[in-house]
Amino acid sequence: MEFAIARRRMVERQVQERGIVDPKVIEAMLQVPRHLFVEDALRGQAYGDFSLPIGDKQTISQPFTVATMTAALQLGGGEKVLEIGTGSGYQAAILARIAVRVYSVERIPALARRARRLLDEVGCGNVNIKVTDGTFGWEEAAPFDAIIVTAGAPAIPTGYLAQLAPGGRLVIPIGPRDRQLLKRITRTADGRLQEEDLLDCRFVPLLGAHGWAQGEG
Ligand code: SAH
């Protein structure tokens with residue numbers, strides 16, 4: 001019960017008051033029990049205005065970042081979405097409440113296993129998780145109506161653009177290893193690409209063949 005109150009306060013103060021109005025995003029963030037996706041010892045901080053460690057040097061994003069990225073995908077409800085960087089599974093759970101199907105890729109097996117368990121626990125059976133280098137996307141399941149990358153990339157991996165359906169949106173943090181600019185790339189109905197800058201941000205690095213090399217940067 002106390003978690004539900006903290007969650008409502010999080011949504012009001014950190015999401016709505018900062019200008020995120022998409023009712024689907026608001027509803028999903030009110031529903032998903034974020035405290036289950038953080039380490040047990042950090043549950044009391046789960047609804048705070050910050051990112052938190054989830055083990056293996058990775059983090060669950062700040063609630064506002066999750067809200068901003070999800071809203072930027074402009075989901076109507078019928079989409080097939082690709083997420084790169086499953087991490088805790090929290091962002092995937094938010095997407096799963098809005099979209100029809102979510103494909104999520106994680107490179108660290110232990111994180112993927114934990115996320116799978118949690119997503120099943122909260123009833124997100126419409127999420128497929130794969131353990132591999134997500135800088136290639138998920139070719140067999142493409143094209144996607146929306147692609148969200150929750151780790152910082154040095155440049156846009158070309159596979160993501162190839163796997164974006166006409167009208168689709170890619171939301172990805174691009175920049176040096178310690179700070180990025182959140183970008184949205186839209187493939188127009190006639191196949192052109194439009195790029196917009198959304199927000200300064202700081203993500204853990206996207207490591208892989210089309211991302212950062214381990215220890216680089
Ligand atoms: N979306 C997550 C937060 C992710 S943190 C959540 O809601 O909790 C970024 C994640 O991206 C980390 O778990 C990291 O292991 C993963 N990652 C980094 N490079 C990757 C790659 N090339 N492929 C797949 N996952 C990657």
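All residue numbers in this chain count up from 1 along the given sequence. Start at 1 and go down the list; that is how both ligands and their atoms are numbered.
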(request) Calculate, to the nearest 0.5 Å, the distance between atoms CE and OH belonging to Met29 and Tyr47 respectively. (result) 9.5 Å

(message) I'd like to check the side chain to side chain contact (heavy atoms under 4.5 Å, CB included) partners of Asp49; sequence neighbours left out, ordered by chain and number.
(response) Gln14, Arg18, Gln62

(message) For a 4.5 angstrom cut-off between non-hydrogen side-chain atoms, does Asn126 reach Cys124?
(response) yes

(message) When you compare the side chain of Pro33 with that of Val122, does any pair of heavy atoms fall below 4.5 Å?
(response) yes

Report every pair formed by an N or O atom of ligand 1 and a protein N or O atom separated by less than 3.5 Å, giving atom names and the distance to 0.1 Å.
unit_1	atom_1	unit_2	atom_2	d
ligand 1	1 (N)	Glu83	OE2	3.0
ligand 1	1 (N)	Gly85	O	2.9
ligand 1	1 (N)	Thr150	OG1	3.1
ligand 1	7 (O)	Gln91	N	3.0
ligand 1	8 (O)	Ser88	N	3.0
ligand 1	8 (O)	Ser88	OG	2.6
ligand 1	13 (O)	Glu106	OE1	2.7
ligand 1	13 (O)	Glu106	OE2	3.3
ligand 1	15 (O)	Glu106	OE2	2.6
ligand 1	19 (N)	Leu207	N	3.0
ligand 1	22 (N)	Asp133	OD1	3.0
ligand 1	22 (N)	Leu207	O	2.6
ligand 1	23 (N)	Gly134	N	2.7
ligand 1	25 (N)	Arg107	N	3.3

(message) Has Arg107 got a side-chain atom pairing as donor or acceptor with Gly208's backbone, closer than 3.5 angstrom?
(response) no

(request) Measure the shortest side-chain to side-chain distance between Thr150 and Thr65 over non-hydrogen atoms and say whether it is less than 4.5 angstrom. (result) no

